[in-house]
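Here is the structure we will look at, set down as structure tokens.
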Amino acid sequence: MKVATWNVNSIRTRLDIVVNWLRENPVDVLGLQETKVIDELFPRSPFEEAGYHVYVSGQKSYNGVALITRSPLSDVSTGFTPILGADRVGEFDEQKRLITGVLDNIRIITVYVPNGGDFESDKYFYKLDWLSLLQDYLDILLKRHPQGLCISGDFNIVPEDRDVHFEVSPNSQKTGITPKEREALQRILKLGLADAFRKFNQEEGQYTWWDYRQNSFKRQRGWRIDHHYLSAPLGDRASSCIIDIAPRHLTKPSDHTPVIVEF
DNA sequence: ATGGCTCGCTCCGCGAGA
């Protein structure tokens with residue numbers, strides 16, 4: 001099974017790029033983030049005409065996730081509430097950042113982790129609280145799906161210093177690279193998940209996002225923040241995980257580029 | 001350097017992104 005993740009920064013603006021990429025790269029699952037559109041206005045037809053099923057959880061202007069799949073999914077749900085309950089989740093499902101379904105007995109999840117704004121801002125603490133919910137959510141689903149779980153998405157966290165183009169200070173206050181965010185991610189991975197990309201590639205300078213400003217892509221000033229995390233059965237089975245930088249070269253690209261895992 | 005691009009918005013300047 002091939003699973004791709006891609007923060008497209010508006011599916012309507014990026015529609016042709018994404019559909020053309022999918023025709024050239026016929027993956028089984030494409031997880032999208034930052035679709036930035038309500039479900040009623042999601043451009044489903046181009047994907048359906050290409051032979052895909054479309055599952056969406058969107059909102060106006062911000063956030064929004066989708067799963068595009070060759071075979072139908074079962075047990076599709078959105079947000080944390082169906083698993084954790086309304087009391088635990090509170091207002092955290094108002095922002096549409098999580099969609100999941102089951103394919104071939106494997107739990108597939110796509111997430112758009114909050115950006116976090118400035119260091120120690122309200123958005124920063126919202127991000128940490130959201131990651132704590134994600135940890136509780138995955139703790140439950142990993143136990144329910146011993147055959148395999150794959151969580152993919154824009155995590156907005158640089159896991160290690162080699163995953164960003166500049167020198168990281170030990171107590172970095174740069175959102176996405178702070179100790180508290182990395183610790184939150186590590187607590188999640190300790191549940192039994194591993195970074196698929198690092199099974200195959202130990203190089204530095206392997207990025208998935210480049211700022212639109214300052215010619216960051218041309219200067220190779222990027223961050224690796226889009227990830228596939230696999231439970232042990234899938235991690236053992238995984239045969240490749242690659243970053244496809246080709247779409248970042250196109251005219252009017254997303255600032256992120258797709259990452260594809262095969263298992 | 002609270003900049004630098006690009007997105008959507010009952011749009012023509014602003015908040016958000018990372």
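We name chains A, B, ... by the order of the sequence lines, and we start the count at 1 in each one. Model, not experiment: these values are computed from the prediction.
The gap from the C1' atom of B/dT6 to that of B/dC12 amounts to 16 Å, rounded to the nearest Å. Distance noted for atom P between B/dT10 and B/dG4: 24 Å (whole Å). Atom C1' of B/dT2 sits at a distance of 13 Å from the matching atom of B/dA16, rounded to the whole Å. On the C1' atoms, B/dC9 is 23 Å away from B/dG3, given to the nearest whole Å.
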Under 3.5 Å, which donor-acceptor pairs link side chains of residues 233-241 of chain A to any protein atom two or more places apart or in another chain?
none

- Message: What verdict does the salt bridge (Lys or Arg N to Asp or Glu O under 4.0 Å) test give for A/R224 and A/D195, after you've listed the backbone C-alpha separation in whole Å, the side-chain angles of each residue and the deciding distance to 0.1 Å?
- Response: CA-CA 12 Å; A/R224 192 175 74 89; A/D195 184 343; 2.8 Å; yes
- Task: For side chain to side chain donor-acceptor pair (under 3.5 Å), just list the numbers for A/R221 and A/H165, CA-CA rounded to whole Å, side-chain angles, deciding distance to a tenth of an Å, and then say yes or no.
- Result: CA-CA 5 Å; A/R221 297 187 170 205; A/H165 67 86; 4.8 Å; no
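Counting non-hydrogen atoms of neighbouring residues, nucleotides and ligands closer than 6.0 angstrom, the CD atom of A/E204 reaches no more than 12 such neighbours.
Within 4.0 Å of A/N7, counting heavy atoms only, lie sugar-phosphate atoms of the nucleic acid but no base atom. Nucleic acid contact for A/F119: none, since no nucleic acid atom lies under 4.0 Å from a heavy atom of the residue. In this structure, A/D226 reaches neither bases nor backbone, as no heavy-atom distance under 4.0 Å exists between it and the strands shown. Nucleic acid contact class of A/I225 (heavy atoms, under 4.0 Å, all strands): sugar-phosphate only.
Nucleotide B/dG17 holds its P atom 12 Å from the CH2 atom of A/W209, rounded to whole Å. A/I157 has its CD1 atom 14 Å from the P atom of B/dG17, to the nearest Å.
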- Nucleotide-resolved protein contact map, nucleotides 3-12 of chain B, B/S/- at heavy-atom distance under 4.0 Å: -BBSSSSS--
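For A/F155 and A/Y229, the ring centers sit closer than 6.0 Å to each other.
Residue A/N9 forms a side-chain contact (heavy atoms from CB on, under 4.5 Å) with just one option from A/K36, A/Q33, A/H256, and that option is A/K36.
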